[in-house]
Amino acid sequence: MTKHIQAIRGMHDILPERIAIWHRIEDTARQVLSGYGYAEIRTPLVEVTDLFKRSIGEVTDIVEKEMYSFEDRNGDSLSLRPEGTASCVRAAIEHGLLVQPQRLWYRGPMFRYERPQRGRYRQFHQIGVEAFGLDGPDIDLEMILLTARLWRALGLQGFRLELNSLGDPDERLAYREQLVAYLGAHADQLDADSCKRLHTNPLRVLDSKHPRTQKIVAAAPSLMDHLGEVTRGHFERIRHGLDEAGVDYLVNPRLVRGLDYYNRTVFEWITDDLGAQGTVCAGGRYDGLVEQLGGRSTPAVGFAMGLERLVELLELAGHAAEPPVDAYLVAVGERAQQAAPMLAERLRDAVPALRLMTHCGGGSFKSQFKKADRSGARYALVLGEVELERDVFGIKPLREEGEQRELGFDELAAFLG
RNA sequence: GUGGACGUAGCUCAGUCGGUAGAGCGCAGGAUUGUGAUUCCUGUGGUCGUGGGUUCGAUCCCCAUCGUCCACCCCA
C-alpha cells in the first residue's frame, strides 16, 4: 500500500456532518450584517508580504514568526494572509472606496504558523467587519451592539465583554514612557518574555499571565489616567450606549490587543468554555492604519471573530443539525428504476423548494428503506411495480406514525408543496 | 518556539507483565421472496501511526519521526 497523504498539520477538513453549523453561523452573520447595512467584500488570500509588515507591525509575533511567506516566480515576497483587516484596507484604498464612509465585511480562511491547539489552527476562518470614515463613538458602539445581536441570533450566551481605551498615539506615547520607567525599575522581578517586551512592545506586558509579572503590573500606572478629555469622552459615550442598550461589560484597563494598529477603543468577547483560547471575537479602532498604508487619513473601526471557536461553542450547546432532505425516493424493480429519475425531475419542477434525494444503485425494498431512514428524510416516496401499474406514488412518513398512502403525481406535488 | 499526555477496526475504546489482537457502535445480509427506525441471528472488518534499534520473536521495551490533544506562548 502506498503511504497516505494527509492534510497539513493544523489544517482541517470540514466534513458534511459538521457543515450545517458552519452554514448556520455564516447565514446568521450575513443576515445580521446586512441588517446594519454592511456589504461583503472578497479579497485574495495572498498579498505582498510588506502589506502585513506595515499594518500588523514588524515586531509582532504574527509577522516575526507566524506568517506563511514565500517567493513567487519573479522573486516577490508574498504571504498567505494571517488576518483580514490589512487586505480590506488595501482594497478600499486601491478602489477609491474611502471617499465616503464604508461599512464592509469579509469572511474566509486565514493562515498562521502556530502550534495547533484547541481553538487554534494553522488555517482558521474569520468573519471580519470594518467601518471606514466614521470617527464618532456611535460607530464603535454599533459594532459592539451588532456582535451582541449576533450572539443572540445564534443562541449563544455566557460571553464576557471586556472593554478598554488605548488612547490616541500621543497619549499612549506619554503613557508608554511612564510605564517603561516603572517596569524598568522592577525589571528584576519580571519574567523573561516581559523583560524582552519592555523595549519592543511594553504595553503587552500589561496582559502577561505570569503571576510575578502580574503582581508588578497591578501597581503600574494606568493608561486610563493618561487619556485626554476627548478620548475619555469618546470612551464614556460608548459605555453610556452599552448601559442604555443593556449590554453588560467589564472595563479591563490591561486589555491591549496584539496588533499594533489599534487606538482608542478595544474590545473582546470572551468565553470560559473553550480552554485557553477563549477570545471569540475581538477588535477596536484603528484610525492610523489607512494613512499608514498610503491612503488619505481615515478613521476606522473593526473586529473579527473566529469561526472554529463559534462552531465549537454551538456544538457544545448541542445544536441539532437540520436533516439535509425532505423526501427520499425508493425505486425497486427494473421499470421503476428507469422511471424514477424523470419522475423525480418532474417533482422538482413542480415543487422547487423540495429537497428530494433519489435512491441510486438498486437493492431491495428493505435496503432502500434503510437508506431512506438514514437520510433523515421526513417521507419515503415509493415506486415499485404496483405503483407503476396504478400510476401513483407510495408515500410513507418516516418520522412519525402513519400508514403508507398512495397519491397521484398532482396530489403528491400538492402535498409536498 | 517550550513543557506534558497520547496514537490499536470507519468511530469510541479494551488488551497483551514481549509469543502478530477483542468489544460496542457502524456497515452488509438474513429472520419478514414489496417497507426503515425496535428486537434476534450471521457476516464484514486492523502491515496495533511511520521508520529504525534491542530480542529467537516487538502492537507492547528503547530511539527517531509524523500526527492529535493540553498548558505556556500567541490570538480570533
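Naming: A, B, ... by sequence-line order, numbering from 1 per chain. Every value quoted in this text rests on a predicted model; they were computed, and no experiment measured them.
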Problem set entry | Whole-angstrom distance between B:C13 and B:A76, as gauged at atom P | 32 Å
Exercise. How many Å lie between CD on A:E312 and C1' on B:C69, as a whole number?
Worked result: 12 Å
Problem set entry | Short side-chain to backbone donor-acceptor contact, A:Y121 and A:G119, under 3.5 Å | yes
For this session: Using atom CD of A:E17 as one end and atom C1' of B:G10 as the other, report the distance to the nearest whole Å.
Result: 11 Å
Exercise. Are more than 12 heavy atoms from other residues, nucleotides or ligands located less than 6.0 Å from atom CZ of A:R378?
Worked result: no
Exercise. B:C69 P sits how many Å from A:E308 CD, rounded?
Worked result: 12 Å
Exercise. Just by distance, do the side chain of A:E308 and the backbone of A:H125 share a donor-acceptor pair under 3.5 Å?
Worked result: yes
For this session: Measure the distance from NZ on A:K209 to C1' on B:C72 and round it to the nearest whole Å.
Result: 8 Å
For this session: Please state the P separation for the pair B:G19 and B:C60 - nearest whole angstrom.
Result: 11 Å
Exercise. Whole Å only: how far is the CG atom of A:L156 from the C1' atom of B:A76?
Worked result: 15 Å
Problem set entry | Base versus backbone protein contacts along nucleotides 1-8 of chain B [heavy-atom cut-off under 4.0 Å; B, S, -] | BBBB----
Problem set entry | Ring centers of A:Y379, A:Y328 separated by less than 6.0 Å | no
For this session: Mind telling me whether A:F393 and A:F409 have parallel, tilted or perpendicular rings, with 30° and 60° as the class edges?
Result: tilted
Exercise. Which stems, defined as runs of 3 or more consecutive Watson-Crick or G-U wobble pairs with both pairing distances under 3.5 Å, involve RNA chain B?
Worked result: B:1-7 with B:66-72, B:10-13 with B:22-25, B:26-31 with B:39-44, B:49-53 with B:61-65
Problem set entry | Interatomic distance, A:R309 CZ vs B:A76 P [rounded to whole Å] | 8 Å
Seminar exercise, completed: In numerical order, the residues of residues 324-347 of chain A whose heavy atoms come under 4.0 Å of RNA chain B are none
For this session: Would you jot down, in residue-number order, the residues of residues 267-281 of chain A having a non-hydrogen atom under 4.0 Å from RNA chain B?
Result: A:G275, A:A276, A:Q277, A:T279, A:V280, A:C281
Problem set entry | A:Q404 (side chain) and B:U35 (base): donor-acceptor pair under 3.5 Å | yes
Exercise. Distance-only, no hydrogens or angles: does the A:S165 side chain make a donor-acceptor pair with backbone N or O of A:G167 under 3.5 Å?
Worked result: yes
Seminar exercise, completed: Of the candidates B:G67, B:G36, B:A76, the side chain of A:K396 sits closest to B:G36
Exercise. Using atom C1' of each nucleotide, how far apart are B:A14 and B:A9 to the nearest Å?
Worked result: 13 Å
Exercise. Choosing from B:U68, B:U35, B:G36, which nucleotide comes nearest the side chain of A:H12?
Worked result: B:U68
Exercise. Side chain of A:R212, backbone of A:Q189: donor and acceptor closer than 3.5 Å?
Worked result: yes
Problem set entry | Under 4.0 Å protein heavy-atom contacts per nucleotide of nucleotides 26-32 of chain B, with B for base, S for backbone only and - for none | -SSS-B-
Exercise. Tell me: CG of A:D13 to P of B:U68, nearest whole Å?
Worked result: 12 Å
Exercise. Between B:U68 atom C1' and A:Y121 atom OH, what is the distance in whole Å?
Worked result: 11 Å
For this session: Have a look at A:G10 and say if it touches a base, only the backbone sugar-phosphate, or nothing, with a 4.0 Å heavy-atom cut-off.
Result: sugar-phosphate
Problem set entry | Whole-angstrom distance between B:G43 and B:G36, as gauged at atom P | 22 Å
Problem set entry | Gap in Å between the two C1' atoms, one belonging to B:U32 and one to B:U12, rounded | 32 Å
Problem set entry | side chain to side chain donor-acceptor pair (under 3.5 Å) against A:S34, all qualifying residues, sequence neighbours excluded | none
Problem set entry | Spacing of OG belonging to A:S222 relative to CD belonging to A:Q178, to within rounding of 0.5 Å | 10.5 Å
For this session: Step through the shown structure and confirm whether more than 12 heavy atoms of other residues, nucleotides or ligands are within 6.0 Å of CZ on A:R346.
Result: no
Problem set entry | Trace of the salt bridge (charged side-chain N to carboxylate O under 4.0 Å, His left out) decision for A:R399 with A:D373 | CA-CA 9 Å; A:R399 303 292 148 224; A:D373 183 53; 3.2 Å; yes
